[in-house]
Structure formats: C-alpha cells, structure tokens
Amino acid sequence: MRLIPIRSCVPGMRLGKPIFNEEGVVLLNRHAELTQNLIGRLHHLGIDYVYIEDPLTEDIQVEDPISEETRRRALSELRTQFRSFMEQGSRPKLSRPVLGKTFGSVMKMIIDDLSEHQETMIMLMNMNVWSQYLYQHSLNVSIYSTMLGMASGYSRDELMTLGIGALLHDIGKTQIDLALLDKPGQLTEEEFAEIKRHPELGFKLLKDEPNIPLIAAHCAFQHHERLDGSGYPRGIKGDDIHEYAKWIAIADSYDAMTSHRPYRRAMLPHQAMEALFSGVGHWYELSKVTVFRDHVALYPLGMTVTLNTGERGVVAAIDPRAPQRPVVRIVETADGEKLSSPYEIDLAEKLTVFIVEVDQ
Ligand SMILES: [Fe+2]
C-alpha cells in the first residue's frame, strides 16, 4: 500500500487501511472503493492522507503501534470521562475512584501493545477525523510518551504513571469553552489567557483523585512549561520541571504540529521534527528530542517522495539504525516515465542520494 495526499486521490482507488471515526469505529473499511463524493467527504472531515492499495507496493504493510481494539477502548473511555468532566463543570467536585482504574486498564493495553512493537518506528499519520481532536491527541501523546519512556528503560510502574499523565494532560480543557479551543484564526489576548488556564485546571481535577498518581496530575500542570522558563502557567525552569512533563511537552508539540486543525493543515513529520530541533536548548532538552527523533518515522512507510536525482518513489522499508535514510522503491524515472517494474534504492548505502520532497 502507499500513502497519498487526499488531493491526489482519484475515483476507483481502494483504501489500504480502514478509516476510523472519532470513537475509533470504522468509518470506511479496507478495500473500500473511493468515489468523487467520498473523496470530498474525507477532505471535508480533515483527513489529509489515506493509504491506498497499489500493485507496485502491495508488499508494503504499515502496522499500527496499537491494536484496533486498544484504540477503540482508549478513545471511548477518553470521550466518556472527558464529557463527564465537561458536564460537571465548576460544580462541587465528585470523587472518581473509577477514573484511575479505567485509565490504568487502558494504559495496560497500550503498554502491552507497544512492548510488541519496540523495534518499529512509530508513525501516527493522522488518518482520523479531527472533529474530536482532543481525544485523538490525548491518545497519540500517550503513545509517543510511553514509547519514549520504554526507550529510556522505564519500569512498568513508571510507564503507567507517565502514560496516564499523558492521556490526561489536557483534561483541564474540559473546563474551557470548546468553541474557543477550535477557534480558527488569531486569538485575542483574553482568549489566550483563558486557554492558558487549562494546565492548572487539569491539576486541580486530578490531584485528589484516589487512583491517579500525583505525578500524573503534575504532568497536566507542567506540560506547557519550557526549559528556559518561557512556558506557562508558572514559568518554572530546567530541573524544576518533572522529567515526565518534559517528555509529554515534546510529544504534545509534535502531535499538535502533525495534526490537521480547523485553522491550518498538518505539517509533515520531518518538518515538525525540524521545528522541535529549533526549540532545543531553550524549550526542550537535546537528549530528549534526539530519543524522539530516533523513534519516530520521519518518512513514514508508504509515503511518496522525490529524490535529488529526480526519481520518484515510495518509502518501502525503514532500518531503525538509519531511520532518516529509508529504502525507496522507485516508481517513476526522472523523465516522468512510470515504471511497471520498479527498482529500489537504499539511501543508507547510496549516500549521495537523498529525499528532497514529500508529496503533500
Ligand atoms: Fe495542553
């Protein structure tokens, strides 16, 4: 299968992977044939890329780091719990012993799935509808953070705390007007100040919950803090920021940049990675951004790329030891001739050849 921008889709193409709605329920099945109408609808739902079946790349299989069942369960619990916090609003707080238990069991599923994929580079191309961005984003940030914790040798207990902190890092947004969170265009100063309240609101919601580790509440509190003290809400610096909150900050920024929002298109993985690196030193720690880079697929499997030679091809394999230099299966020559029998170039071996453009 290959990954192509929705704008390059034409009727008759068939989906290589299912597309899920906000609850993790299948919206369109694998093998579904695209029609003009469907393409328009997907575009309207905020889907930028789709996997399609293609005879030249039939053997390229893209596996998700977590199973469909785990995804569905996580999204439906996030939705249920967040909605109940939205309804509760500022009324006297109810204790929710069930909250920690629920997300503890969700995290167990996520950790079990990810431990089977430790060698795979993560790619969470946003193939889902954005109308429920908060839930999808919370799940993605948790997947990235847990993977980073695993790469750092964290114990299972540490992964649970980090993962729960990541799943619930934005729970304070349930106390803020949704229209404001998705507002297209520039926010006024007052509106931005209102949004900046969500870390502290989240901390307050979580800190006394019986089954939520206190550090997870601090993840909500500190995920917008930055190394040099330029973050919010307290402007704390360096070692005063908990290590877990630093991982979550990186995962959060990256996922936000690579997600389609009502007011802008998604950045590609390598562009978002460049942006993260430009924040090294003052916002993020170099060692942490490096671990992140080494575990995220900059050029996702199946993506169509152009090489400096002018040849065009599809990312066919990624070697975790050289993730920035994948194997590219050439499907079009520099003269624009489409090949019926493609050949491959391993960029890890041919060091003078590199990717200059990604289809978008
Ligand atoms: Fe946030």
Side-chain angles (χ1 to χ4, degrees), residues 22 74-75 78-79 81-83 85-86 99 103 124 126 130-146 148 161-184 186-187 189-207 209 212-237 240-264 266-267 272 275-276 279 283-284 288-289 292:
E22 61 268 27
L75 289 174
L78 281 165
R79 205 168 124 101
Q81 298 297 331
F82 277 39
R83 288 208 162 169
F85 275 104
M86 285 172 197
L99 187 74
F103 288 110
L124 303 173
N126 281 286
W130 53 251
S131 60
Q132 302 283 332
Y133 170 74
L134 188 52
Y135 312 127
Q136 185 66 54
H137 173 69
S138 301
L139 174 60
N140 285 356
V141 171
S142 181
I143 294 174
Y144 285 128
S145 304
T146 308
L148 293 167
T161 302
L162 169 61
I164 291 177
L167 274 176
L168 303 179
H169 75 280
D170 264 347
I171 197 164
K173 287 192 176 166
T174 59
Q175 310 298 300
I176 288 172
D177 185 3
L178 273 180
L180 194 55
L181 296 174
D182 276 347
K183 185 187 162 182
Q186 204 76 30
L187 293 174
E189 214 167 296
E190 295 80 52
E191 287 170 333
F192 192 43
E194 174 65 13
I195 285 182
K196 279 175 152 180
R197 292 174 59 224
H198 80 273
E200 189 170 1
L201 292 169
F203 176 68
K204 286 188 173 152
L205 288 178
L206 297 176
K207 72 178 175 43
E209 288 303 335
I212 298 281
L214 186 60
I215 296 178
H218 276 283
C219 290
F221 203 3
Q222 299 179 17
H223 72 277
H224 285 289
E225 300 289 1
R226 298 291 179 255
L227 272 191
D228 62 359
S230 62
Y232 62 88
R234 289 176 292 166
I236 55 174
K237 299 184 183 183
D240 292 341
I241 308 170
H242 194 280
E243 173 150 313
Y244 297 177
K246 290 178 182 167
W247 287 122
I248 294 172
I250 293 172
D252 176 28
S253 308
Y254 180 84
D255 188 65
M257 288 189 277
T258 52
S259 297
H260 186 116
R261 304 292 289 125
Y263 40 85
R264 60 155 174 75
M267 276 188 188
L276 277 187
W283 285 1
Y284 320 109
K288 288 196 166 54
V289 179
F292 191 70

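Excluded from the calculations below are hydrogen atoms, water molecules and symmetry mates; all remaining heavy atoms, backbone and side chain alike, are included. What you see is a predicted model, and the numbers here were worked out from it, not measured in a lab. Order of appearance sets the numbers: ligands from 1, and atoms from 1 within every ligand.
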Peer 1: Rounded to 10°, how big is the angle at the Fe ion (ligand 1) from H198 NE2 to H224 NE2?
Peer 2: 90°
Peer 1: State the atom name: nearest N, O or S atom of D170 to the Fe ion (ligand 1).
Peer 2: OD1
Peer 1: Using 2.8 Å as a strict upper limit, say whether an N, O or S atom of H223 approaches the Fe ion (ligand 1) that closely.
Peer 2: yes
Peer 1: Find out whether the Lys NZ or Arg CZ of R83 is both under 6.0 angstrom from the six-membered ring centre of Y135 and within 45° of the ring's axis.
Peer 2: no
Peer 1: Go through the steps for R197 and Q175 under the test side chain to side chain contact (heavy atoms under 4.5 Å, CB included), then give the verdict.
Peer 2: CA-CA 9 Å; R197 292 174 59 224; Q175 310 298 300; over 6 Å; no
Peer 1: Roughly how far, to the nearest 0.5 Å, is OG of S253 from NE2 of H224?
Peer 2: 8.0 Å
Peer 1: Considering all heavy atoms of both residues, which atom of M257 and which atom of A275 are nearest to each other, and what is their separation?
Peer 2: SD-CB, 3.6 Å
